[in-house]
Amino acid sequence: MKILIICTTFRPDTAIAAKRPFMFAKYLTELGHSVTVIWSGQISKSIDKTFNADSFKFKVISYTGGISLPTKKLSKRSLMFLPLPLSNLIFKIVHAVKIPLIVYKANKGKIRHFEMIKKVVDGFEPKSFDIVFSTYGGLANVLAGKYAKEKLGCKWVQDFRDRIVQPGNRSWLWNIAFSKTEKHAYNEADVITAVSDDLFNGTKYPKGKRKTIYNGYNRILDTGNTPIRRERDFSICYTGSIQGERLNSVKQLFEELKDMANEKLIDLSRLKINFVGQEGAEFKKIAAQYGLEKTIINHGYLDLEATTNVQKGSDLFLVLSENTKKYQGILTGKFYEGIRCGMPILSVIYGNMPNSELYRLNETYHYGFCYETCRSDRSNSFRKFFLPLYQSKVKHGKIDFPLSQELRDKFEYKHLTEELETIFRNLISENSAR
């Protein structure tokens, strides 16, 4: 098959959004398909200096004509000297004031970027592709997917890493302004792929054309030195941010740990919590509210290899997320990192909706434990999971909780790409049969 991928971020950008389209391009090529990628050329995070474009046999086109580094913007991290609740409040106020400008710039950028992508697409011959796969984020990509379908006479798969309309996470003005873009894309694309089963919960969109292709991990890129584990100390690892509802999730975990310590079920001198990220100082301040500050090891910001070593040197991998009536299907990239590292995963889900997708995935694959804050039996269930692991490590120096091969295979990008390939083949077969 001849496949065109349209995305905003791509390698060598180290941003998490660049991973999904890159992995699909890599493995589709290895499966024998001809792949061309159109991306913005704009680096949103940083350049991976180890990346070698010549080692991959697919074509990559920057529609801006080159690669540009990100402009420095005010971020929450620039106010990390303030307590997290105060910095969150400041940014909420700033964001609320700027919402009309944000929407205006997003719409203007959508049109400008779409015109640049159109010029690239116009350079292709009709029928030169069988499939166009456009992925959101990036409003222009949605318009470009439909344009490529019509211009090149191919099938169109629209991929959603997130919804464009996000009740509760986006302003009402944004949702009103771009709801037609989402609806039009959903209705016009031949197939919709989404990163979770629940992403479009609460909408009236037809389920028949929607397929779930999860995010994943790449086992081949799993490199790093053999980690040194702390002898007979039980360690939890979290790498990432504690912004938004994740802050409530981590507070709930601290409450549980404090209660077990007060009941003499755990010894805090034998508990270590490894934190990797730029919010370590604030993380420790929050832990202090629960008497847990001495358990925190603040590693600060680390590169990929060093982060992996910290993760593998821990005993329990922590994932923080949310699940509310307004917004569901949030599977953070940390979940897949936990699978890659092969250790038991503790998901803490804040929100008012039980039976989250992470909860259901644990019911199927038994990756560890999913703690939903809205469940009345959460504390007892959590202790039944946590205490045997803790006691095993403290008494015997190790835990025995291997992740199933079924889980590891399911979320490896090579397997996920095969699922995507099947969707592409079925679309082309349907077209040929008509």
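Fair warning: this is a prediction, and the values are worked out from it, not measured in the lab.
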Donor on one side chain, acceptor on other, Arg20 and Asn215, under 3.5 Å: yes
CA sep, side-chain torsions, deciding dist, call: Phe275, His299, ring pair (Phe, Tyr, Trp, His ring centres under 6.0 Å): CA-CA 6 Å; Phe275 184 89; His299 296 270; 9.2 Å; no
Residues Thr135 and Asp159: side-chain donor-acceptor under 3.5 angstrom: yes
Under 3.5 Å side-chain donor-acceptor pair for Gln328 and Glu357: no
Worked verdict on Tyr336 versus Tyr214 for ring pair (Phe, Tyr, Trp, His ring centres under 6.0 Å): CA-CA 10 Å; Tyr336 309 106; Tyr214 288 105; 7.2 Å; no
Could Lys398 and Asp315 be called an ion pair, given the rule that one side-chain N must be under 4.0 Å from one carboxylate O? no
Under 3.5 Å, is there a donor-acceptor pair between the Glu421 and Tyr27 side chains? no
Could you verify whether a donor N or O on one side chain and an acceptor N or O on the other, from Glu279 and Ser241, lie under 3.5 Å apart? yes
Candidate pair Phe317 and Tyr238, rule ring pair (Phe, Tyr, Trp, His ring centres under 6.0 Å), full reasoning: CA-CA 7 Å; Phe317 196 97; Tyr238 182 69; 8.2 Å; no
Are Phe385 and Tyr371 near enough that their ring centres are under 6.0 Å apart? no
For Asn107 and Lys110, does a side-chain donor sit closer than 3.5 Å to a side-chain acceptor? yes
Could you pull out the closest heavy-atom pair between Leu358 and Ser321, with the gap in Å? CD1-CB, 4.2 Å
Which distance, rounded to the nearest 0.5 Å, do you find between the CG of Leu361 and the CG of Leu331? 6.0 Å
Where Leu320 and Thr332 come nearest, the two heavy atoms and their spacing: O-CG2, 3.6 Å
To the closest 0.5 Å, what do you measure between OG (Ser404) and OH (Tyr367)? 12.5 Å
Report yes if the distance between the aromatic ring centroids of Phe200 and Tyr186 is under 6.0 Å, otherwise no. yes
With respect to Lys45, which candidate in Asp13, Ile16, Leu69 satisfies the side-chain contact (heavy atoms from CB on, under 4.5 Å) definition? Asp13
Check against ring pair (Phe, Tyr, Trp, His ring centres under 6.0 Å), Phe234 and Phe386: CA-CA 10 Å; Phe234 185 82; Phe386 182 87; 5.2 Å; yes
Say whether Asp197 and Thr212, considering side chains only, have a donor N or O and an acceptor N or O under 3.5 Å apart. yes
Give me the ring orientation class for Trp39 and Phe10: parallel if the planes are under 30° apart, tilted from 30 to 60°, perpendicular past 60°. tilted
Should we count NZ of Lys209 as having more than 12 external heavy atoms under 6.0 Å? yes
For the pair Glu182 and Tyr136, evaluate side-chain hydrogen bond (donor to acceptor under 3.5 Å, both in side chains) and give the outcome as yes or no after the intermediate values. CA-CA 10 Å; Glu182 180 181 275; Tyr136 176 82; over 6 Å; no
Is the closest side-chain donor-acceptor distance between Thr14 and Ser46 under 3.5 Å? yes
Test item: side-chain donor near acceptor, Glu372 and Ser356, under 3.5 Å: yes
Before accepting this row, confirm whether a basic side-chain N of the pair Asp233/Lys393 lies closer than 4.0 Å to the acidic partner's carboxylate O. no
Taking the basic N atoms (NZ, or NE/NH1/NH2) and the acidic carboxylate oxygens, is any pair closer than 4.0 Å for Lys410 and Glu406? no
Does Lys2 make a cation-pi contact with Phe129, if we ask for NZ or CZ under 6.0 Å from the ring centre and within 45° of the axis? no
Taking atom CD of Gln405 as the centre, does the number of heavy atoms from other residues, nucleotides or ligands within less than 6.0 Å exceed 12? yes
Would you say Tyr359 and Ser347 are linked by a side-chain donor-acceptor pair, where the criterion is simply a distance under 3.5 Å? no
Any donor-acceptor pair under 3.5 Å linking the side-chain atoms of Gln158 with those of Ser134? yes
